[in-house]
Number of protein chains: 2
Amino acid sequence: MSKDGRHHFVIVGGGLAGSLLAVYLGRKGYRVDVYEMRDDIRGGNVAGGKSINLALTRRGIDALAHAGLAEQVLASAVPMKGRLIHSESGDTSLQPYGKDDTQLNYSVSRAGLNAELLEAADSHESVTLHFNKKCTGVDLDEPSVTLADTVTGVEVRVEADVIVSADGAFSAVRARMQKLARFNYSQQYLEHGYKELEIPPGVAGEFQIEKNALHIWPRRSYMMIALPNLDGSFTCTLFWPFDGPFSFDNLESEEDVRRFFEEHFADAVPVMPTLTADYLGNPTNPLATICCGPWHYQDKVVLLGDACHAVVPFYGQGMNAAFEDVLVLDACMDKHKSDFGAAFAAYYSERKEHVDVLQRLCVDNFVEMRDHTGSKWFLLRKKTEKMLSKIFPSWYVPLYNMVTHTRIRYVDAVRRARMQKQVCALVAGFLVIAVFLLLFT
Amino acid sequence: MSKDGRHHFVIVGGGLAGSLLAVYLGRKGYRVDVYEMRDDIRGGNVAGGKSINLALTRRGIDALAHAGLAEQVLASAVPMKGRLIHSESGDTSLQPYGKDDTQLNYSVSRAGLNAELLEAADSHESVTLHFNKKCTGVDLDEPSVTLADTVTGVEVRVEADVIVSADGAFSAVRARMQKLARFNYSQQYLEHGYKELEIPPGVAGEFQIEKNALHIWPRRSYMMIALPNLDGSFTCTLFWPFDGPFSFDNLESEEDVRRFFEEHFADAVPVMPTLTADYLGNPTNPLATICCGPWHYQDKVVLLGDACHAVVPFYGQGMNAAFEDVLVLDACMDKHKSDFGAAFAAYYSERKEHVDVLQRLCVDNFVEMRDHTGSKWFLLRKKTEKMLSKIFPSWYVPLYNMVTHTRIRYVDAVRRARMQKQVCALVAGFLVIAVFLLLFT
């Protein structure tokens, strides 16, 4: 505890989850030090060169609103009304995200949002931000962390009352916890990787394809998507297997790349002037699901966001679930006051089952996006769902809407969707029998 | 490659799998160095003080036989005819393991078997054994390992053509591979732990309970088992949850321990004179399932046994599956000669699916042993199985027998058991209908 009697939190990782938690803890009056491995993103030093974007949905918006930050974040976001599907022939069709324009997703810049959250954290007198500090050691029992300056190499050891691990999918803190007896841990990679590409703004700064949509080029075993940025550009992501006869492994020359895109994404090629350079220059990254438990060590260490439940990006829920972690952790700390051990245990017990379900949903949604969004049956199902939710608005809510536009917990959403489906199947069965009886008796 | 043109293998870990592989590689004429963290077990320096025992079954026996070692190992093993069930009232009943006395399991001493395998490896001029050498670093690309002498602390770096990781469930080599992009890994612990206890020989050196059996005290949510040792003693293992209202966590005093055993394992207490001292002195150990892939890195590193597929002990297949790894790896190396990359890929592809299935079988068999072996329905099922396998010996083989007494691959065994079950259910259904028709028409 600090000399002034305030508990001292060290947050490892100043990314989206870590910086939002710093805002929450700062508001509670705790002394908080945030240690981020990269440089201060507010100086425009965006790692990797390109700013990528993310879908912000209800859970994330609520967590931002609780810290008074939702309005300003949404002001610099691009609303997306639905999925805009690009068929191989170049036809496009919009599949709305929600029942009406109140149910939108928002495309936000990861770097821009991170900068806003860091700024908000920095405005609390009890919060101090430290950059270029890489966590090289963790003592769970003390608890303390060792931090190396990435510029000078100098190491310092910092003690705290609580270490918060918000250091992402490759968390150093979780790696230490993995060595604890009876710590469950799993990392599972998809066969697919992803590569980011770009559609720049037009000559007058205009959006070259529909601004207010998430674009999908579904091609069954693979797909490309594009999310709009505020400056008129789109960040495209190609999801494709790493290896095999038809994979990232097979395109080597500019000619290979151009031929592949002209064959499968013909309508995108004219708006992607830097395609071959982007393709050959940008890395192919892996996609992992990370699952572990428990998420805390006594009252000393607690895990948050990707550090304890990294998901694949196909439900757009990674950041939103991490922000919801912050909301739930905050509520548990309110309830249990300074009994951090009880608060962390309650947070783990409240969240674990739900993010486990989310992890499966995210993997399943990849199949939906790449295989089904292009099919007529899928469109018919979506239309039936929309009709049902209009006729029975309080009873029928499609699973996607529960996940994206509500804070119904993931496992409850899946249960309710299953129940809705069973009732519909039953009713459909009765209707078929009734029609049969009317016609043949 | 060595100066004499022979490939050089470094085996990290001189336990059961590592020392058997050293025998195989020594026979092939490769230059082999085995680095074991503990002292030479042949000097009687058994880690942990107590020698524990293991069930040796068909797969393990075949792998030993291929190296000409089966006879000598079986000569110092105790044959077990079946499971001897101890009910709470003290009644006992034998459930045979196989169709007759040709289908036995064997209780072997881990330390004794390990010593025999090390001796066999040491007899090859091209195999060198090194003890008290702990692996502290791994370079996958070189490939090389850093080894620290556990007595002097001096570190040396050893290069090789191939590093074999036979360093068990907490493998240092696998921990390094886990950091590779796209390496799948999972460690899952049971809620139960285990504690070893002892039934010593009688005053005249005799076995105090039935010698030729694996004893089980099934108590639904927990159980104790005992395997015979050659010296007339039995090693008992209590499997019980770590925490909760009825768990290891709850017995603290000698009085607690005595009361618990007298209530639940009354017939064992008289033959366990050191019970309370053993219980309070011996550690409670966790039970983990470890799953990963791929099992090799190019043609440079390959994983074996517990290092890539540690299982919980309830099917008695951990050592046997590790020995079968050695058999399969050996066959793949025969087929692909010095193309180690192809040999390791073939070995992984051949084994992975099967040990994945084994891992589920082992967890499921815990439920069978502790919950079902004591029930009348289970006995009836076992008797029906035995009858079917006598009437249709070439068609009906119980799953347990396929896993334990054959080398049918685990996934094929499970598939065949499912098919047998479906046919039996179908036949039973027809019989019920036939009887119904005969009686009521």
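Keep in mind that this is a model prediction, so the values were computed, not measured. Numbers restart at 1 for each chain; the letters A, B, ... are given by sequence-line order, proteins then strands.
For Glu191(A), the CD atom sits in a loose shell: 12 or fewer heavy atoms of surrounding residues, nucleotides or ligands are nearer than 6.0 Å. Within a 6.0 Å radius of CZ in Arg220(B), other residues, nucleotides and ligands contribute 12 heavy atoms or fewer. For Lys352(A), the NZ atom counts as densely surrounded, since its 6.0 Å shell holds more than 12 non-hydrogen atoms of other residues, nucleotides or ligands.
Put simply, the side chain of Gln187(A) gets close to the backbone of Phe183(B): a donor and an acceptor are under 3.5 Å apart.
When all heavy atoms of Arg182(A) and Asp243(B) are compared, the pair lying nearest together is NH2-OD2, 3.1 Å. Between Tyr185(B) and Gln178(A), the closest heavy-atom pair is CE2-NE2, 3.6 Å.
One distance of note links SG of Cys291(A) with CD of Gln188(B); it measures 7.0 Å at 0.5 Å rounding.
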